[in-house]
Amino acid sequence: MSAIAIKYNDDIVDLQTAQELGLKGEEIELDNSKEALEVLRHSTAHLMAQAIKSLYPDAEFYVGPTVNEGFYYDFKTSAEIGQGDLKKIEKQMLSFAKKKYPIERYVISKDEAREKFKDDHLKQAVLDMIPDEDVSIYKQGEFEDLCRGPHLPNIGLIRYFKLTKISGAYLGGDSKNEMLTRIYGIAFATKDALKSYMDMMAEAEKRDHRKLGNEMKLFTFREEVGAGFPIWLPAGGRLRARLESLLFKAHRKRGYEPVRGPEMLRSDLWKTSGHYQNYGENMYFTHIDELEFGVKPMNCVGHIKVYEDELHSYRDLPIKYFEYGVVHRHELTGALHGLFRVREFTQDDAHIFCRADQIEEQIIEVVDFVDKIMSTFEFDYKMMISTRPDKAVGSDEVWEISTNALKSAMDKHQLAYEIDEGGGAFYGPKIDIKITDAIGREWQCGTIQLDFNLPERFKLEYNGEENDKIQPVMIHRAILGSFERFIGILTEHYAGEFPMFIAPTQVAIVPVAESHKEYAKELSDKLIDINADSEIYAKNDSLNKRIRTAEKTRVPMIVVVGDEEIANKTVAVRDRRTREQYNLSQEEFLKLIQTKINEVNF
RNA sequence: GCCGACAUAGCUCAGUUGGCUAGAGCAGCUGAUUUGUAAUCAGCAGGCCCGGGGUUCAAAUCCUCGUGUCGGCACCA
């Protein structure tokens with residue numbers, strides 16, 4: 001195999017450029033390494049542009065970069081292009097690739113480039129963004145494109161690719177600008193790599209919580225109910241209830257008090273908190289008589305009112321309130337996505353009111369709490385500290401102090417984190433927890449936010465040692481984020497095969513024949529006593545059929561009972577994963593279920 | 001919100017260029033069968049073809065306005 005580019009001072013330089021400038025460096029071959037794929041995919045984007053230009057001669061091109069998942073090219077044409085046209089474009093790409101055009105590079109001045117692409121207003125926009133005097137042009141066959149490179153030496157090297165998606169995208173990523181057409185694609189150096197990528201995509205599709213939620217009867221959405229308002233079905237209700245009760249215990253153990261604020265509060269309060277000004281466009285408002293009310297998009301104001309209900313001493317702090325708080329937010333229609341983005345959801349929300357000297361220990365305590373839960377569900381996670389956003393309340397000084405408090409708490413305990421500049425909430429900086437699921441996708445769930453602003457705005461206080469009035473610090477935190485989103489993630493993480501302790505149904509009982517139904521019922525009652533849900537498959541179907549039906553529900557355990565089991569007071573257990581069978585006495589069986597349900601404590 | 005696609009039975013989907021009574025599988029119901037570890041057989045029932053308006057002798061099919069869904073973009077406390 002020969003080189004396709006070289007590595008020069010950590011940059012990837014293509015052969016065309018290396019030759020022109022006489023550069024030498026470590027050779028990059030065409031394999032599935034990060035560097036090689038970068039070059040390959042960039043060239044594949046150009047090949048796609050070449051195909052598009054030949055099929056749609058009026059096409060104008062903006063930019064065509066590589067991204068994490070392949071590449072894309074943004075362009076504009078008067079023709080309407082749909083999903084169905086991707087095959088046609090792929091075919092054209094292959095026929096160009098077969099011609100094995102070399103990719104040539106030359107440099108011209110920006111003015112010459114402006115003249116060359118004078119009919120292409122998108123290329124003019126690209127030229128506007130380039131500060132350099134000279135620009136490089138890459139040419140393959142008749143097709144020429146303004147580009148920085150790097151590229152393959154020849155388009156004949158492009159063989160294993162696939163165009164995956166077509167969509168709209170704003171010019172420059174700004175919703176005020178015109179909308180272009182964007183086509184996404186993926187390319188690899190080998191056939192096997194492309195195949196395993198496609199397999200992984202198929203696996204993700206199989207796990208899609210919207211599909212599984214429908215199949216497993218966890219939740220549903222209905223047009224007549226409204227977009228973004230989930231309906232929880234019995235199986236989903238059972239799963240959610242298990243999660244809620246485990247988490248309730250975990251909060252009590254850590255000194256949190258359950259409280260509850262009203263669903264809507266007078267707008268004056270939202271003005272005091274700053275939500276009215278900073279978050280109003282995402283809130284729902286209504287009137288009661290002459291007064292305006294805002295439906296809560298967050299639970300903090302309610303918890304502040306709980307705090308204000310009595311005087312607090314420095315001895316009482318920290319005070320921790322928690323609530324499974326139902327919130328409503330006006331998400332844009334295009335943002336809605338299954339349970340991941342909805343307009344009504346329930347947060348596992350809590351607010352900690354503490355003294356300034358308690359911030360660090362409280363942050364660390366929450367981080368531990370997060371760790372306990374995420375490791376129970378076998379999620380890897382990382383933490384990110386988000387700093388002051390453009391739209392924010394409070395002085396720079398307060399922001400600085402609170403941001404540093406978060407960083408130093410993490411530093412002192414040697415916890416790793418990344419920084420997200422400008423990603424904070426409008427009232428304070430935060431630590432976000434990003435989890436990685438079973439097939440490597442990242443999700444943002446929990447958040448820990450430090451807030452000096454709301455206590456100031458609501459003039460919160462406690463009595464200090466000198467009987468002076470001191471302002472407490474507020475820590476907002478959610479660990480799952482929302483039950484909706486988290487259950488959606490869990491569904492995809494486990495591919496619907498929930499572990500015993502949260503599964504909607506713990507056991508499926510399959511009696512061999514009519515005469516064994518009574519024994520099945522007896523088992524089912526005993527299971528209820530140990531807080532396990534079961535379902536009896538006694539329909540007038542063959543035994544095989546009923547086992548198949550039970551398997552398809554993804555229940556963690558199936559037991560079959562017949563004459564033998566009744567005689568010996570046993571059950572025949574069928575393991576979900578191995579499909580193997582073994583016998584357990586009734587006591588052993590019940591003990592096993594009980595252990596599996598109770599072994600988990602957050 | 002923006003670009004594009006889509007919406008037919010509880011679910012998954014057929015339904016030709018506008019043309020007869022809109023079909024299938026699964027699920028459901030009834031009956032026969034009483035089963036030992038992934039689909040027993042037979043029968044029945046099930047539809048405002050997403051909603052409103054229009055074109056046409058005739059609309060599930062064409063046009064239009066909504067609603068919802070999907071893929072992205074933008075948004076995301």
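These values consider heavy atoms only, across backbone and side chains, with no hydrogens, waters or symmetry-generated copies. Below, chains carry the letters A, B, ... as their sequence lines are ordered, and counting in each starts from 1.
Regarding A:Arg341, its CZ atom lies at a distance of 14 Å from the P atom of B:rU69, rounded to whole Å. A straight line from CZ of A:Phe345 to P of B:rC76 spans 14 Å, rounded to a whole angstrom. Counting to the nearest Å, the P atom of B:rG10 and the CZ atom of A:Arg222 are 9 Å from each other. Distance, A:Phe221 CZ to B:rA7 P: 21 Å, rounded to whole Å. Put simply, NZ on A:Lys165 is 18 Å from C1' on B:rC6, counting in whole angstrom units. Atom NZ of A:Lys211 and atom P of B:rC26 are 19 Å apart (whole Å). Rounded to an integer number of Å, the gap from CZ of A:Phe75 to P of B:rC3 is 16 Å.
Ring geometry, A:Phe353 versus A:His351: the interplanar angle falls from 30° to 60°, so the pair is classed tilted.
Pairing partner, B:rG4: B:rC70, with both Watson-Crick or wobble hydrogen-bond distances short of 3.5 Å. The base-pairing partner of B:rU12, taking Watson-Crick or G-U wobble contacts with both distances under 3.5 Å, is B:rA24. With a cut-off of 3.5 Å on both pairing distances, the Watson-Crick or G-U wobble partner of B:rC57 is B:rG19. A 3.5 Å limit on both hydrogen-bonding distances identifies no Watson-Crick or G-U partner for B:rC75. Base-pair partner of B:rU33: not found among the strands shown (Watson-Crick or G-U wobble, both distances under 3.5 Å).
Judged by distance alone, with hydrogens and angles left aside, the side-chain atoms of A:His516 form a donor-acceptor pair with the main-chain N or O of A:Ala513 at under 3.5 Å.
Between A:Arg574 and the phosphate of B:rA38, there is a side-chain N or O to OP1/OP2 separation shorter than 4.0 Å.
Nucleic acid contact class of A:Asp174 (heavy atoms, under 4.0 Å, all strands): none. Residue A:Tyr72 is out of contact with every strand shown, counting any heavy-atom pair closer than 4.0 Å. Contacts of A:Asn282 with the nucleic acid, taken as non-hydrogen atoms under 4.0 Å apart, are absent. Nucleic acid contact class of A:Gln444 (heavy atoms, under 4.0 Å, all strands): none. Among the atoms of the strands shown, base atoms are found under 4.0 Å from some heavy atom of A:Glu565. Using a 4.0 Å heavy-atom criterion, one finds that A:Ala169 contacts the sugar-phosphate atoms exclusively. Residue A:Ile547 is in base contact, counting any heavy-atom pair closer than 4.0 Å across all strands shown. Contact annotation for A:Lys76: no contact, since no heavy-atom pair falls under 4.0 Å across all strands. Within 4.0 Å (heavy atoms only), A:His337 reaches sugar-phosphate atoms of the nucleic acid but no base atom.
Evaluation of atom-type donor-acceptor distances gives no pair under 3.5 Å for the side chain of A:Glu331 against the base of B:rG1. With hydrogens and angles ignored, a donor-acceptor pair closer than 3.5 Å exists between the side chain of A:Asn540 and the base of B:rU33. Side-chain N/O atoms of A:Tyr170 and base N/O atoms of B:rG72 include no donor-acceptor pair closer than 3.5 Å.
Checking B:rA38, B:rG72, B:rA74 against every side-chain atom of A:Leu332, the shortest atom distance belongs to B:rA74.
Taking the six-membered ring for Trp, A:Tyr427 and A:His476 have ring centres closer than 6.0 Å. Taking the six-membered ring where the residue is Trp, the centroids of A:Phe340 and A:Trp443 are separated by under 6.0 Å.
Each of A:Arg329 and A:Ala572 was assigned the nucleotide of RNA chain B with the nearest heavy atom; the assignment lying further toward the 5' end belongs to A:Ala572.
Checked options A:His337, A:Glu492, A:Arg485; the residue passing with A:His209 is A:Glu492 (criterion: side-chain hydrogen bond (donor to acceptor under 3.5 Å, both in side chains)).
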